[in-house]
2 protein chains.
Amino acid sequence: MTSTSPGLAARAARGVEPPASASGAPVESDLGWALGVVFRRYAKASAAALEGLPGGPRGYQVLATTNAEGPKRQLDLAAQLGVDRTVMTYLLDDLEKAGLVQRRPDPADRRARLIAPTDQGVEALCDLERRLRTTEEEVLGILDESERASFRLLLQRVAVRANAVDPLHNACALAETDDVLKT
Amino acid sequence: MTSTSPGLAARAARGVEPPASASGAPVESDLGWALGVVFRRYAKASAAALEGLPGGPRGYQVLATTNAEGPKRQLDLAAQLGVDRTVMTYLLDDLEKAGLVQRRPDPADRRARLIAPTDQGVEALCDLERRLRTTEEEVLGILDESERASFRLLLQRVAVRANAVDPLHNACALAETDDVLKT
DNA sequence: TATTGTTATACTCTATAACTATA
DNA sequence: TATAGTTATAGAGTATAACAATA
């Protein structure tokens, strides 16, 4: 996941010289810089955790979603995950080849196919989730228990707000939105 | 981390099993989800703020860096910003065409060129920084003053740590690390 | 005629290598 | 010979459009 789109608008400045005051902005607490660094760190770490999984983060999302919410049609799944339906085709091809998901005909509509994880897929998902939780703790490792909780809470509020402003449509935004909102 | 699966590997399998609840992990407060959403929201908002600037965030970085630290050789600039030197060529072509930066011969080495912002470039930079600060406030808008401060602080600590673990090298994460650490 | 899923095509980014002009 | 910058080429990733089967 990396850098899709335009990268972040991180502020520049480095080098031997002190960042300098630039054209007026102190650049002190640079949100863009911090967000970019943390995001990329997490992305990299979780990519490592998802090593070998076809489709990487997206493959994980397919597994997690179909496992949690039951069999889904490709188009619905694609919409929910914010990926193009053509991408979903390739992604499922790979996951199916790996024996992690299964395409089966939708009895209600012979055009459609229902996607469900295989036993092996569920097993793999279990393992992946364990690894991902470890990854999270690693990333937040510098914070103590209560700080970690505060951070998660604040970040979550900002995220829920951001998601409301511009509803997902981003590749990695899962659909726990409802869940989060309830919290 | 491509498509094929070593560890989880393939081997056709089946699995006709229904959804099942979760594989064990509640996925409750998903750090990845929140980080992704917030990051993308900020990236999108700042991209909008940088609308029309050649190279987008990278164009901004070039302006900010050369303005803050003085004229730089292309290769140094590329290394500092974490972009390929060939990309830097295209980027500077665009910025120069827009009249925002200037390539001038390095008196010390006739092979090299020094990059500096034009007056117009400095002016543009000023404006861009103003807009970016507005963007930051928008993204954090849901939090009140003190929460915002807490969040920035916690995020910054996580970021500094993350950056130390895996020093930049990412296109947009520049290096105010030193500065931040001092803070 | 509209929709599901697939396939084929094109476009964007980035990375690699080759080329020039200097050193 | 090595380096700064440029240009050309090839690859991943994604988006667009056309297609077959069904509704």
Side-chain angles (χ1 to χ4, degrees), chain A residues 1-8 40 43-44 47 50 53-59 61-62 66 71-97 101-116 168-173, chain B residues 1-4 40 43-44 47 50 53-59 61-62 66 71-97 101-116 168-173:
Chain A
M1 128 303 32
T2 351
S3 302
T4 349
S5 41
L8 240 218
R40 271 179 267 267
K44 193 170 180 178
L50 299 178
L53 178 71
R58 287 186 176 164
Q61 290 182 271
V62 168
T66 54
K72 279 191 180 297
R73 296 166 27 150
Q74 286 192 204
L75 209 64
D76 294 340
L77 197 52
Q80 186 169 341
L81 266 47
V83 306
D84 196 85
R85 63 182 185 174
T86 64
V87 173
M88 183 56 71
T89 297
Y90 304 135
L91 179 53
L92 291 176
D93 285 348
D94 294 341
L95 288 170
E96 200 173 35
K97 244 176 283 175
V101 306
Q102 183 196 9
R103 278 190 248 230
R104 59 189 199 213
D106 181 349
D109 184 341
R110 279 195 293 172
R111 292 172 302 179
R113 304 186 177 191
L114 293 178
I115 308 304
L168 38 132
H169 268 328
N170 43 54
C172 291
Chain B
M1 46 177 149
T2 346
S3 281
T4 25
R40 270 178 269 267
K44 193 170 181 179
L50 299 178
L53 178 70
R58 287 189 175 162
Q61 289 182 273
V62 168
T66 55
K72 279 192 179 298
R73 293 162 32 141
Q74 286 190 204
L75 209 65
D76 294 340
L77 198 53
Q80 187 170 336
L81 266 48
V83 306
D84 196 84
R85 62 183 184 171
T86 65
V87 173
M88 183 55 70
T89 296
Y90 306 135
L91 179 53
L92 290 176
D93 284 349
D94 295 341
L95 288 170
E96 199 173 35
K97 245 176 281 174
V101 305
Q102 182 194 6
R103 276 190 251 230
R104 59 191 197 210
D106 182 349
D109 185 341
R110 279 195 292 171
R111 290 172 304 181
R113 306 185 174 190
L114 294 178
I115 308 304
L168 43 132
H169 265 331
N170 41 55
C172 291

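Throughout, a chain's letter reflects where its sequence line sits, starting with A, and its residues are numbered from 1.
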Asker: Roughly how many Å is it from CE in A:Met88 to P in C:dT7, rounded to a whole number?
Answerer: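 Answer to the nearest Å: 16 Å.
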Asker: In whole Å, I'd like the distance from the CG atom of A:Leu91 to the C1' atom of D:dT14.
Answerer: 13 Å
Asker: CG of B:Asp93 versus C1' of D:dT6: gap in Å, rounded?
Answerer: 9 Å
Asker: Between C1' on C:dG5 and CG on A:Leu92, what's the gap in Å once rounded to a whole number?
Answerer: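 It is 10 Å, rounded to the nearest whole Å.
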Asker: With B:Arg110, which residues qualify under salt bridge (Lys or Arg N to Asp or Glu O under 4.0 Å), at least two apart?
Answerer: none
Asker: Does a side-chain heavy-atom distance below 4.5 Å link A:Val83 with A:Arg58?
Answerer: yes
Asker: From CG of B:Asp106 over to P of D:dG5, roughly how many Å is that when rounded to an integer?
Answerer: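 From B:Asp106 CG to D:dG5 P: 8 Å.
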Asker: Distance check: side-chain N/O of B:Arg113 vs OP1/OP2 of C:dT22, anything under 4.0 Å?
Answerer: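 No, B:Arg113 has no side-chain N/O under 4.0 Å of OP1/OP2 on C:dT22.
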Asker: When you compare the side chain of B:Pro71 with that of B:Arg104, does any pair of heavy atoms fall below 4.5 Å?
Answerer: yes
Asker: Need the bend value for the helix from C:dT1-D:dA23 to C:dA23-D:dT1: angle between end axes, 5 pairs each end, nearest 10°.
Answerer: 20°
Asker: Could you state the CZ-C1' distance from A:Arg103 to C:dG5, rounded to the nearest angstrom?
Answerer: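 So the two atoms are 9 Å apart, to the nearest Å.
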Asker: Please tell me if the side chains of B:Leu114 and B:Pro107 come closer than 4.5 Å, counting only heavy atoms from C-beta onward.
Answerer: yes
Asker: May I ask you to verify if any side-chain N or O of B:Thr89 is less than 4.0 angstrom from the OP1 or OP2 atom of D:dG5?
Answerer: no
Asker: Would you kindly give the CD-to-C1' distance between B:Gln74 and D:dT7, to the nearest whole Å?
Answerer: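 The distance from CD of B:Gln74 to C1' of D:dT7 comes to 13 Å, rounded to the nearest Å.
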Asker: With a 4.5 Å cut-off on side-chain heavy atoms, are B:Leu91 and B:Pro54 touching?
Answerer: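 Of all side-chain heavy-atom pairs linking B:Leu91 with B:Pro54, none is under 4.5 Å.
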Asker: Take nucleotides 15-23 of chain D nucleotide by nucleotide from the 5' end and write B, S or -, depending on whether a protein heavy atom sits under 4.0 Å from the base, only from the sugar-phosphate, or from neither.
Answerer: -BBB--BBS
Asker: So, using salt bridge (Lys or Arg N to Asp or Glu O under 4.0 Å) as the criterion, who are the partners of A:Arg85 when residues are at least two apart?
Answerer: none
Asker: A:Glu96 has an atom CD; how far is it from atom P of C:dG5, in whole Å?
Answerer: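 For the pair A:Glu96 CD and C:dG5 P, the rounded distance is 13 Å.
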Asker: First locate atom CG of A:Asp106, then atom CZ of A:Arg111, and finally report the distance between them rounded to the nearest 0.5 Å.
Answerer: 10.0 Å
Asker: Which residues pass the salt bridge (Lys or Arg N to Asp or Glu O under 4.0 Å) test with B:Asp84, not counting sequence neighbours?
Answerer: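 For B:Asp84, no residue satisfies salt bridge (Lys or Arg N to Asp or Glu O under 4.0 Å) once neighbours in sequence are set aside.
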Asker: Side chains of residues 72-79 of chain A: which donor-acceptor pairs under 3.5 Å do they make with residues two or more places apart or in other chains?
Answerer:
residue, atom, partner, partner atom, Å
A:Lys72, NZ, A:Glu69, OE1, 3.3
A:Gln74, OE1, A:Arg103, NH1, 3.0

